[in-house]
Visitor: 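If you scroll down you'll find the structure; I have some questions about it.
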Amino acid sequence: MQYTGFQLIVGHLLLSCLGESGPSDPNYFFYQDFLNGNGNGEIHFSGMKLYVDTVQQAVLPVRGGNATLPCRYWYDPELSTPRRVRVKWSWLPATGGQEEEDVLVAIGPRSRSFGDFRGRVHLRQDFPGDATLVMSGLQLNESGRYRCEVVDGLEDRSAVVDVELRGVVFPYQPPHGRYRLNYQGARQVCEEQDSTLATFDQLLQSWKEGLNWCNAGWLADGTVQYPITQPRVPCGGHGLAPGVRNYGRRHHHKHRYDVFCFSSSVRGEVYYLPHPDKLNLTDAQQACRDDGAQIAKVGQLYAAWKFTGLDHCDAGWLSDGSLRYPIITPRKNCGSSDPGVRSFGFPPPQYKHGVYCFKSAD
Ligand SMILES: *[C@@H]1O[C@H](CO)[C@@H](O)[C@H](O)[C@H]1NC(C)=O
Ligand SMILES: *[C@@H]1O[C@H](CO)[C@@H](O)[C@H](O)[C@H]1NC(C)=O
Ligand SMILES: *[C@@H]1O[C@H](CO)[C@@H](O)[C@H](O)[C@H]1NC(C)=O
């Protein structure tokens, strides 16, 4: 018990100050005397302990959604009146490597939020000891480990909650071909397709769900990996177990690979445009605009497939000039026997096909 020495000293000092006339349980007396009137003064813990608990280990929101990160603190023995504590929420982004960043700091009813979290987070404070963080409008890159820290004088306790956005990982290769992206380029193409660089945990999760992809791609932490569920010779060789193959950290500028992007639900609708004619790429873009929409991005098509069950067996143009269609229920003449988004590369833009559009709900 790390505070023993401290308690003894404090106990002694207090006893000296207060005289010898206290009740028989000196600890009890101190709480009454010091904690009631002087709530924001330095705490003198004499056997009293502060506890912090997050109850739930992980929350699984979607992009744009809200997340409630439970956290509560209490004292043992119990307090008769609430104390003023400092609550701090910080996070370690799942993108790897960085330091913890501040999310919100609160003292009593006053609080301040930081960075991109400003105006999107608040403490719930529904009951004494409630330090639950309520977040709204979650962004794709806000997965990570969130820490709830409660400071009362010299006591400082914390607990963590993982935020794991639910979403979908997709491999991406730009129009100009395989292994053309350095790290920065990889980040950019994901953003252009309404997604973000996938984290290792997100790739691992999609491997568990069956993603089998034999091209190495960047991840958010700067490593290059690829998921194999069906080992074969060109994908790591004979006799290797299924798994996520790891090339390790690669040089951010010099090395070039494909990329794994991560998307989550979208606020709006992705749909195959009913149109009497097949269209070339420029006419397809215009046809979506004429319908009060935009030609869909790759991340939006994957999100619609994953979250709204979009299933349509006609290939359609997407904003990057690729041609794809989403299948939930595999059937004859609609590609492989597994569900998935079928991809047909980047046909010449004058070729005529259907088109997928996206109509935003905002
Ligand atoms: C998120 O919470 C806000 C209030 O804080 C509410 O207005 C909004 O509808 C919620 N959004 C979702 C997607 O639940
Ligand atoms: C997360 O994404 C948003 C929107 O794309 C961006 O503004 C923000 O800087 C990103 N935050 C981090 C920590 O990368
Ligand atoms: C698509 O067809 C239109 C005519 O309908 C033409 O003006 C346009 O140049 C064509 N675009 C491409 C990329 O071939």
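Everything numeric in this text was worked out from a predicted model, so none of it was measured. Computation of the quantities below employed the complete heavy-atom set of this structure, encompassing side-chain atoms and omitting hydrogens, waters and symmetry-equivalent molecules. Note that the numbering runs from 1 along the sequence shown for the chain. Remember, it's 1-based here, ligands and their atoms both numbered in the order they're listed.
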Visitor: Does Asn141, backbone or side chain, put an N or O under 3.5 Å from an N or O of ligand 2?
Guide: yes
Visitor: Between Tyr325 and Phe344, does the ring pair (Phe, Tyr, Trp, His ring centres under 6.0 Å) criterion hold? Intermediate values first, please.
Guide: CA-CA 9 Å; Tyr325 65 83; Phe344 304 94; 5.4 Å; yes
Visitor: Could you tell me whether the side chain of Thr54 and the main chain of Val160 form a donor-acceptor pair under 3.5 Å?
Guide: yes
Visitor: Angle between ring planes, Trp91 versus Tyr146, binned at 30° and 60°: parallel, tilted or perpendicular?
Guide: parallel
Visitor: Counting only heavy atoms, which portion of Thr95 has something under 4.0 Å from ligand 2: side chain, backbone, both, or neither?
Guide: neither
Visitor: Where does ligand 3 get N/O contacts under 3.5 Å from the protein, atom by atom?
Guide:
| residue | atom | partner | partner atom | Å |
| --- | --- | --- | --- | --- |
| ligand 3 | 2 (O) | Asn280 | ND2 | 2.3 |
| ligand 3 | 2 (O) | Asp283 | OD2 | 3.2 |
| ligand 3 | 5 (O) | Asp283 | OD2 | 2.7 |
| ligand 3 | 11 (N) | Asn280 | ND2 | 3.0 |
| ligand 3 | 11 (N) | Thr282 | OG1 | 2.7 |
| ligand 3 | 14 (O) | Asn280 | ND2 | 3.4 |

Visitor: Would you say that more than 12 heavy atoms from the other residues, nucleotides or ligands in this model lie under 6.0 Å from the NE2 of His253, or not?
Guide: no
Visitor: Is the side chain of Arg112 donor-acceptor paired with the backbone N or O of Val105 at a distance under 3.5 Å, no angle test?
Guide: no
Visitor: Quick one: does Asp258's side chain have a donor or acceptor within less than 3.5 Å of a partner on Tyr179's backbone?
Guide: yes
Visitor: If the test is ring pair (Phe, Tyr, Trp, His ring centres under 6.0 Å), which one of Phe262, Tyr356, Phe170, Phe260 qualifies with Tyr302?
Guide: Phe170
Visitor: Would you say Arg256 has more than 12 foreign heavy atoms packed within less than 6.0 Å of its CZ?
Guide: yes
Visitor: Show the atoms of ligand 1 that are less than 4.0 angstrom away from any heavy atom in Asn66.
Guide: 1 (C), 2 (O), 3 (C), 8 (C), 10 (C), 11 (N), 12 (C), 14 (O)
Visitor: Numbering the atoms of ligand 2 from 1, which are under 4.0 Å from a heavy atom of Gln139?
Guide: 1 (C), 2 (O), 3 (C), 4 (C)
